[in-house]
Amino acid sequence: MSEILLEVNNLKKYFPITGGFLGKVVGNVKAVDGVSFSINKGEAFGLVGESGSGKTTIGQTILRMNEKTSGTVKFGGIDIHNLSKKDLKALRPKVQYIFQDPYSSLDPKMRIGDAIGEPLLEHGFATKQNVREKVEEIILLCGMSSNYIDRFPHEFSGGQRQRIVIARAMALNPEFVVADEPVSSLDVSIQAQIINLFSDLRQKKGLSYLFISHDLSVVEHLCNRIAIMYLGVIVELATRDELFSNPQHPYTKALLSAIPVPDPTLKRNRIILKGNIPSPSNPPSGCRFHTRCPYVMDKCSKTVPELKEIAEGHQSACHLA
Ligand SMILES: Nc1ncnc2c1ncn2[C@@H]1O[C@H](COP(=O)(O)OP(=O)(O)OP(=O)(O)O)[C@@H](O)[C@H]1O
Ligand SMILES: [Mg+2]
């Protein structure tokens with residue numbers, strides 16, 4: 001049996017909406033509305049969904065960069081949201097977050113060596129004497145040359161910057177990394193290189209990932225299990241092979257149909273969804289996807305479909321299943 005590293009149970013994160021000149025709470029953005037999944041040791045778990053579906057909010061809430069509204073998040077059996085400030089600080093190096101944008105996540109005035117070395121010194125992973133050596137080691141591990149150390153972020157391309165950001169997260173020898181759209185701002189050719197770097201690091205260091213993307217094709221080669229999100233909830237969760245070969249939820253099918261096929265003789269029937277993703281402050285009744293679903297039935301607007309197991313390790317939340 002694989003060992004569970006992270007366990008998320010019925011997690012909710014609502015952001016209050018205030019209105020009027022008294023600033024009263026008039027509603028909530030239900031960014032994450034009851035999400036459960038677990039990630040095993042050494043696993044790369046993909047979280048995929050459209051913009052605004054709640055991916056970043058999940059990533060940040062599980063690492064307690066946000067306070068949760070309700071639910072539990074356990075890391076190595078310990079409830080992260082119940083930790084004292086001191087214990088949370090001790091946990092920080094083990095869990096790292098790679099932010100969505102490689103441009104704003106590096107301080108333009110800081111040399112690369114300092115950007116990577118600073119957290120090492122702060123957490124006592126290096127001394128002033130050996131920090132340079134440790135930074136060089138990690139820079140090489142992340143596929144860069146050690147002469148990058150004395151240079152500044154503006155001297156690098158997007159792909160190289162992303163390697164630097166990854167190196168900074170890896171320097172602390174984490175067990176678990178949340179990578180939030182780490183390749184979406186990069187050219188397709190560079191994306192593959194960065195995905196390979198994530199894959200190498202996972203093998204070399206026995207790391208586990210929560211890898212966030214709006215693009216299924218990005219997680220296909222890296223992740224062994226994938227969850228599909230829609231408007232704050234998981235609608236389907238399966239192994240990569242099962243999800244790609246036997247998708248069950250109409251939303252997953254639509255996302256898969258949007259992936260371009262390299263062979264022009266193979267035609268894929270693209271499923272075009274009508275309308276935009278509704279507002280998470282006022283999600284549709286019943287199944288949240290019913291307003292855009294090509295297979296919508298009467299029941300769909302009335303009853304919330306449960307995320308249930310339809311085959312071993314394959315869950316889907318649809319009345320058709
Ligand atoms: N601090 C906040 N205050 C209020 N609403 C927020 C806050 N952060 C996120 N939201 C809202 O929560 C919802 C989910 O946002 P989130 O950033 O998690 O989505 P996402 O899936 O990461 O989207 P993207 O692909 O664009 O990064 C959105 O409607 C967003 O506007
Ligand atoms: Mg996001």
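Start at 1 and go down the list; that is how both ligands and their atoms are numbered.
- Ranking the protein heavy atoms by distance from atom 16 (P) of ligand 1 puts Thr57 OG1, 3.6 Å first.
- Checking atom 31 (O) of ligand 1 against the protein gives no heavy-atom contact under 4.0 Å.
- The single protein non-hydrogen atom nearest to atom 28 (C) of ligand 1 is Gly52 O, 4.0 Å, given as residue, atom name and distance.
- Residue contact annotation: Thr56 places an N/O/S atom under 2.8 Å from the Mg ion (ligand 2).
- Listed by number with element, the atoms of ligand 1 under 4.0 Å from a non-hydrogen atom of Ser53 are 19 (O), 21 (O).
- One finds no salt bridge joining Asp87 and Arg92 here, because no Lys/Arg side-chain nitrogen approaches an Asp/Glu carboxylate oxygen to under 4.0 Å.
- The distance from ligand 1 to the heavy atoms of Ala31 drops below 4.0 Å at these ligand atoms: 12 (O), 13 (C), 14 (C).
- Close contacts of ligand 1 with Glu181, meaning ligand atoms under 4.0 Å from a residue heavy atom, involve 25 (O).
- Heavy-atom contacts from other residues, nucleotides or ligands closer than 6.0 Å to CD of Glu155 number more than 12.
- Residue Phe15 places no N or O, backbone or side chain, under 3.5 Å from any N or O of ligand 1.
- Less than 6.0 angstrom separates the ring centroid of Phe37 from the ring centroid of Phe45.
- Regarding atom 29 (O) of ligand 1, its nearest protein heavy-atom neighbour is Pro280 CG, 3.2 Å.
- Of the heavy atoms in Met229, none comes closer than 4.0 Å to ligand 1.
- Lys13 contributes a side-chain N or O that, together with a main-chain N or O of Glu67, makes up a donor-acceptor pair within less than 3.5 Å.
- Within the 4.0 Å cut-off (strictly below), a protein heavy atom is located near atom 9 (C) of ligand 1.
- Here the protein heavy atom with the shortest distance to atom 11 (C) of ligand 1 is Val29 CG1, 3.8 Å.
- Contacts between His214 and ligand 1 below 4.0 angstrom, taking non-hydrogen atoms only, are absent altogether.
- Atom CG of Asn276 has 12 or fewer neighbouring heavy atoms from other residues, nucleotides or ligands inside a 6.0 Å radius.
- Between the side chains of Ser157 and Gln160, at least one donor N or O lies within less than 3.5 Å of an accepting N or O.
- Here the heavy atom of the protein found nearest to atom 25 (O) of ligand 1 is Lys55 NZ, 2.8 Å.
- Few gaps surround CG on Asn147; more than 12 heavy atoms of other groups in view lie less than 6.0 Å from it.
- A salt bridge is defined here as a Lys NZ or Arg NE, NH1 or NH2 lying under 4.0 Å from an Asp or Glu carboxylate O, and Arg288 with Asp33 meets this definition.
- For ligand 1 and Glu50, the ligand atoms under 4.0 Å from any heavy atom of the residue are 21 (O).
- Contact analysis puts Gly54 in contact with ligand 1, with a non-hydrogen atom separation below 4.0 angstrom.
- Residue, atom and distance of the protein heavy atom nearest to atom 27 (O) of ligand 1 are Gln100 NE2, 2.8 Å.
- Among protein heavy atoms, atom 26 (O) of ligand 1 sits closest to Ser51 OG, 2.5 Å.
- Arg151 forms a cation-pi arrangement with Tyr148, by the criterion of a distance under 6.0 Å to the ring centre and an angle within 45° of the ring axis.
- For ligand 1, the atoms sitting less than 4.0 Å from at least one non-hydrogen atom of Thr56 are 17 (O), 18 (O), 20 (P), 22 (O), 27 (O), numbered in the order shown with element in parentheses.
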(request) Mind running side chain to side chain donor-acceptor pair (under 3.5 Å) on Ser53 and Glu50 for me, showing each step along the way? (result) CA-CA 6 Å; Ser53 57; Glu50 270 167 292; over 6 Å; no
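- Not close to ligand 1: Gln60, with no non-hydrogen atom less than 4.0 angstrom away.
- The aromatic ring centroids of Phe289 and His249 lie less than 6.0 Å from each other.
- Residues Lys12 and Lys68 are not in side-chain contact: their nearest non-hydrogen atoms beyond the backbone lie 4.5 Å or more apart.
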